[in-house]
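Reading through the structure tokens given below for one structure.
Each chain gets a letter, A, B and so on, in the order the sequences are listed, and its residues count up from 1. Hydrogens, waters and symmetry mates are skipped; everything else that's a heavy atom, side chains included, is used.
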Amino acid sequence: MIREVVLDFETASFVDLTESGAARYSEDASTEILCLNFQVNRTGPIYSWRPTYQDEDYRETVAHRILADLVVDPDVIFIAHSAGFEKAIWRNIMVPVYGFAPIPGRRWHDTMAVAAMKAMPLDLDLLSRVLGLDVTKDMEGSSFTKKLSRPNRRGELDRSKPSLERVYDYCSVDIRSQTAVHARLGWLPPMERDIWLLDQRINERGVRLDLGYIRAAKSVVDRASEPLGHEFHRITGIPKFTQVQKLREWCAAEGVIVPDLQKETLARILNVDIDGDLEDDDDPFSYRPTLPDHVRRALYIRQLVGSASIKKLDRMQSCVSLDGRARGLLQYHGAGPGRWTGRLLQPQNFPRGTLKVDGEAPDPELLVNAIMTGDPDVVEMLFGPPVEAVVSGLRHTIVADQGRVLLSGDYAGIQARVVLALAGQWDKLGLMAAGADVYIDMACEIFKMERPVGKEAISRWKHEHMRERQSGKNSVLGLGFQMGWWKFQLKYAQAEAEAFCRRVVETYRKEWAPEVPKLWAALERAAVETVWTGRPHEAYGLEYRLEDGWLTATTPSGSKIWYYNPKPTRKAMPWSTEEEPDIRAAWTYQVKKQGRWITVDAYGGLLTENYVMRIETDIMAEAMFRLEREGMPLVLTVHDEALTEPLIARADEAMMKQVMADSRLARQLKIPLQIDTWAGDRYKK
DNA sequence: GTACTCTGCGCC
DNA sequence: AAACGGCGCAGAGTAC
């Protein structure tokens, strides 16, 4: 019979767990176990295993004998909340220090993974509260235990007997929470369990970081920003250029109103063309007359060195394992519809490089070699502003191991392809499948222009009508999920008039992809019907049903999207008035947003986006299994991109394309896939 | 001090 | 006639 063991370590260390992650934490020499609490089959007694006792050898205790037996029994499954932590402590301390047998990956279960799959909060306290589980938390005991796990003010770990006794007293509380959560949430279904097991292999494999390069990059940044920081302080009186509000207030006092300090805003104000397609180039001098030189200089410094991304360098140093690989960078199902999210150094939001050498991104090795000198002057001479150069080279910190290469593949424009395929907009998909530039197609539709024919004409058009193409691209990518003209203007076209934005949105909905709004409406209707009647409803291959406190949407691949606590509501439409009210049936659900558990309105565009993201993730996960089988072990996934680290002999871009293209689900849904690949020693975009 | 929220900013 | 995409992290600011 399968037995379940819920377990929870309390530990102490000089290493900061949130800063460094479980892998680095567990292998640090200062990390020690205070106790391990565990409970068998939900109702049994809670045992506490400890490495030290008053009078007896820990090996002689009942807890130890029971635990040792459980570990070697292949029918026992170990359950933890955020199991990556318990697994790491087990692997790096329990086995080597206390002589327990290793526990293979297949014998672990993670209650956090189930919470993630069902779109619930991951944090155990909030999760218990939201689920209404009646576990009273001993707040004092909890904060005391937390305090004891870190060095005190004098820089020591407190090991006094009364303190430890207090921790032991408190410990069973988390076990009760975990057991209750497990009883409520249950197991992962087989398909999801396979994905989670894959996730664990990827997280434990980690990704190699070039520590020498990281050190050099930090040196470049430090040496370049120091004089600039002083100058900034002199000009503005603000000690740090990270103080956004103060800087804005200072600018205002100097007579310059700055709406925000975002990259693009700053570029516009300073009139620096960052991407070669500055949106507001009608009047390039609009800001100049009102911008005093010292304000310009202060903002310029902020632009030069204000990038927050370089903090990734510090994070890399603190979370890299002793063997030079960073682990635990991905959270399984971190986003509602199944996507992985990034952790620690957040490998999913590396800035895209802005450096250009002869109009192209520089060769990673050349850039790295320059930065390796640690000398900002060398970098400046070869590539331009040193901090910008380091930011552009941040991705290159990720490298392949000896004898291996990085091999990356990404699904080009997959979001647009999936939404068009689900909606049945086959004409546009046909264009995409034939390799046409649909952004140009949409632009021609918006601006009523003649479509260019022939390779040369297209290339010329692209060059001559860059702005029109950008509008086309934004529309194709952004308007598939019911974005209105207001948001479109805010996000992509602040320089354009309302009428223009209205026309773009109208063109997308009425002319370019008229099937897509039908998809929004159908999903909305099916979901509302399900929530209001309690009976399942299907639309466009997606089946909504109520399931034990959630509304689920089952996709054609059998995967599900979960919405917690769906409630029927009535909602006034935006155009509803007193005289002509338009109140319709709708529904809400609950979700964690910006750390808070809130109620949100469901609407067709959102349901469509969730559906599309789920399908994308399914296609990606499917491909990841095949890549692993073909000798291309995954190290990262960035939503539509798979980064693998095969042996040099197995690194074959054509093979990768083929493996990623070979998707049962894409065939079933008639989604034409296009895969772009590259191989190299360093990560890049 | 610690916990939390808000803003900014990076990605898909 | 038509709306609110998904994330994580750093730092500042605020509340206790």
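- A/F481 comes within 4.0 angstrom of nothing in the nucleic acid, heavy atoms only.
- Rounded to whole Å, the distance from CH2 on A/W486 to P on C/dG5 is 14 Å.
- Relative to the six-membered ring of A/F350, A/K312 meets both conditions, a distance below 6.0 Å and an angle of at most 45° to the axis.
- For A/P351, the side-chain atoms get nearest to B/dC11 when compared with the rest of C/dA3, B/dC11, C/dG6.
- Listed pair A/R614 / C/dG5 fails the phosphate criterion, with no side-chain N or O lying under 4.0 Å from OP1 or OP2.
- Looking at heavy-atom distances under 4.0 Å, A/R502 makes contact with sugar-phosphate atoms alone, never a base.
- Here A/R248 lies in heavy-atom contact (under 4.0 Å) with sugar-phosphate atoms only.
- Listed by first and then second residue, the salt bridge (charged side-chain N to carboxylate O under 4.0 Å, His left out) pairs involving residues 602-618 of chain A are A/E192-A/R614, A/R339-A/E616, A/R614-A/D618 (not counting sequence neighbours).
- Residue side chain A/R339 reaches the base of B/dC12 through a donor-acceptor N/O pair under 3.5 Å, judged by distance alone.
- Side-chain polar atoms of A/Y563 and A/N610 form a donor-acceptor pair below 3.5 angstrom.
- The number of heavy atoms from other shown groups lying within 6.0 Å of NZ (A/K685) is above 12.
- Counting heavy-atom neighbours within 6.0 Å of A/W678 CH2, excluding the residue itself, gives a total above 12.
- Following rounding to the nearest Å, A/I583 (CD1) and C/dA2 (P) show an atom-to-atom distance of 17 Å.
- Using a 4.0 Å heavy-atom distance criterion, A/K592 is classed as making no nucleic acid contact.
- By the 6.0 Å and 45° rule, A/K567 does not stack over the aromatic ring of A/W587.
- Across the protein-nucleic acid pair, A/E249 atom CD and B/dT7 atom P stand 14 Å apart, rounded to whole Å.
- At a cut-off of 3.5 angstrom, the base of C/dA3 holds at least one donor-acceptor pair with the side chain of A/Q482.
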Using a cut-off of 4.0 Å between protein heavy atoms and nucleotide atoms, how would you tag nucleotides 8-16 of chain C 5' to 3' with B, S and -?
-> BSSSSS---

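- Residue contacts for A/G605: at a heavy-atom cut-off of 4.0 Å it reaches no nucleic acid atom on any strand shown.
- Each of C/dA3, B/dG10, C/dG6 was ranked by its minimum atom distance to the side chain of A/S309; first place goes to B/dG10.
- Note on A/E524: a base of the nucleic acid sits closer than 4.0 angstrom, heavy atoms only.
- For A/D640, taking side-chain heavy atoms from C-beta onward, the closest of the listed nucleotides C/dG5, B/dC12, B/dG10 is B/dC12.
- No more than 12 heavy atoms of other residues, nucleotides or ligands sit less than 6.0 Å from atom CD of A/E226.
- Atom pair A/L330:CG and B/dC11:P shows a separation of 18 Å (rounding to whole Å applied).
- In this structure, A/I598 atom CD1 and B/dT5 atom P are separated by 12 Å, rounded to whole Å.
- Nearest nucleotide to the side chain of A/Y603, out of B/dC12, C/dA2, C/dG5: C/dG5.
- Comparing C/dC4, B/dG8, C/dG6 against the side chain of A/K487 picks out C/dC4 as the nearest.
- Along DNA chain C, the nucleotide nearest to A/V591 and the one nearest to A/W485 differ in position, and the one closer to the 5' end is contacted by A/W485.
- Taking A/S82 as the reference, A/M112 meet the side chain to side chain contact (heavy atoms under 4.5 Å, CB included) condition, with sequence neighbours excluded.
- One interatomic measurement links the two molecules: CD of A/Q303 to C1' of B/dC9, which rounds to 14 Å at whole-angstrom precision.
- To the nearest angstrom, C1' of C/dG5 lies 17 Å from CD1 of A/I615.
- Per the geometry, CZ belonging to A/F488 stands 14 Å off P belonging to C/dG5, to the nearest Å.
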